[in-house]
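FYI, side chains are in, hydrogens and waters are out, and symmetry mates aren't considered; it's all heavy atoms of this structure. All values derive from a computational prediction rather than experimental measurement.
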Amino acid sequence: MIGNYIVGGLVLLYFLVTLYQCRGLRLHTRDIAYGSLACALTLLLSYFPKIPLPTGSVIDLALLPLMLLALLYDYRVAIVSGFACGLLVIFTVPGWAPIHWAQIPVEHLLCMTALGYAGVFGNQSRLRVLCGVVLATALKLTGHVISGVLFFSQNAWEGWGPWGYSLGYNCSSIIPEGVIVALIVMALPLPMMAKAIHGGNRP
């Protein structure tokens, strides 16, 4: 019980920090357009065939659009778009039903908004890009691990326990996804692409 309160406090702290990161953000038409496009691509990629893993998890690249939005445009817009996308997933995934109401903020809102942190260090160097992708991936992984412990511990493999099961299940997919996305974005000319997307100064 105490552990659940600690986890709840950490999740709350994450959202308070994220809210602080988005302070002063005013969404313009272009922000909404790019955010909507990133959400649409995220949902579209979630329907593409995925790579199954022996752990029962899968590898996909649905995290790429929001990370690119964060790196190329504005990480705050990506965070807000991730929040909207997390809500849309609830209504668009066939047969989705939460085990507990807290699954929504932990598994969906935290994990999707976390992708926006990919751009928190900027895109001026490959090191900054790598640090951003690692941070976003780590936050997403943390959210899924917590969700696995709290809501899916009944699926734990024999002898593993809730934490061992959740770590093994989620690390097997999210870490390779993060590596693939890091390789993709680090191979792109991000500053040049960002300049083209902004078309000068952001309104």
>> Using the rule given for side chain to side chain donor-acceptor pair (under 3.5 Å), can you reason through Asn155 versus Tyr169, listing the C-alpha separation, both sets of side-chain angles and the distance that settles it, and then say yes or no?
In response: CA-CA 10 Å; Asn155 298 327; Tyr169 181 90; over 6 Å; no

[X], [Y]: one ILVMFWY side-chain cluster at the under-4.5 Å cut-off?
X      : Y      : value
Leu68  : Ile180 : yes
Leu190 : Leu183 : no
Leu19  : Leu10  : no
Ile174 : Ile146 : no
Ile184 : Val134 : yes

- Message: Tell me whether Trp160 at atom CH2 has more than 12 heavy atoms from other residues, nucleotides or ligands lying less than 6.0 Å away.
- Response: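 Result for CH2/Trp160: open.
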
Where the side chain of [X] meets the backbone of [Y], is there a donor-acceptor pair that is under 3.5 Å apart?
X      : Y      : result
Ser166 : Pro162 : no
Arg126 : Met186 : yes
Arg23  : Tyr20  : yes

To the nearest 0.5 Å, how far apart are [atom1] in [X] and [atom2] in [Y]?
X      : Y      : atom1 : atom2 : answer
Ile104 : Leu109 : CD1   : CG    : 7.5 Å
Leu25  : Leu27  : CG    : CG    : 4.5 Å
Gln21  : Tyr14  : CD    : OH    : 9.5 Å
Leu141 : Asn170 : CG    : CG    : 6.5 Å
Arg76  : Ile79  : CZ    : CD1   : 9.0 Å
Leu167 : His144 : CG    : NE2   : 13.5 Å

Any idea which heavy atoms bring [X] and [Y] closest together, and the distance?
X      : Y      : answer
Ser81  : Cys39  : O-SG, 3.1 Å
Pro176 : Ile59  : CB-CD1, 3.7 Å
Cys22  : Val80  : SG-CG2, 4.4 Å
Ala182 : Val133 : CB-CG1, 3.9 Å
Lys140 : Cys111 : O-SG, 3.6 Å
His108 : Val89  : CE1-CG1, 3.4 Å

Answer whether the closest heavy-atom distance between the side chains of [X] and [Y] falls below 4.5 Å.
X      : Y      : value
Asp60  : Leu45  : no
Val120 : Leu135 : yes
Leu110 : Pro105 : no
Leu43  : Cys85  : yes
Tyr75  : Leu69  : no
Ser147 : Phe152 : yes
Leu44  : Phe48  : yes
Val185 : Met67  : no

- Task: Walk me through it: do Val58 and Ser173 pass the test side-chain contact (heavy atoms from CB on, under 4.5 Å)?
- Result: CA-CA 6 Å; Val58 296; Ser173 61; 6.0 Å; no

List the steps and the verdict of side-chain contact (heavy atoms from CB on, under 4.5 Å) for Thr55 and Trp157.
CA-CA 10 Å; Thr55 58; Trp157 307 313; 4.0 Å; yes

Inset, instruction - Would you check, one step at a time, whether the test side-chain contact (heavy atoms from CB on, under 4.5 Å) holds for Met193 with Leu188? - result: CA-CA 8 Å; Met193 293 172 65; Leu188 297 174; 3.9 Å; yes

Kindly determine whether Tyr73 and His198 satisfy side-chain contact (heavy atoms from CB on, under 4.5 Å), including the steps that lead there.
CA-CA 7 Å; Tyr73 191 65; His198 285 297; 3.5 Å; yes

* Who passes side-chain hydrogen bond (donor to acceptor under 3.5 Å, both in side chains) against Tyr165, sequence neighbours left out? ->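 Per chain and number, Tyr165 pairs via side-chain hydrogen bond (donor to acceptor under 3.5 Å, both in side chains) with no residue.
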
ask   = In chain order, what residues pass the side-chain hydrogen bond (donor to acceptor under 3.5 Å, both in side chains) check against Thr42, with sequence neighbours excluded?
value =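 Listed in chain order: nothing, the list is empty.
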
Taking side-chain contact (heavy atoms from CB on, under 4.5 Å) as the test, write out the residues that go with Leu41, two or more places apart.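 Applying side-chain contact (heavy atoms from CB on, under 4.5 Å) to Leu41 gives Leu37, Pro65.
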
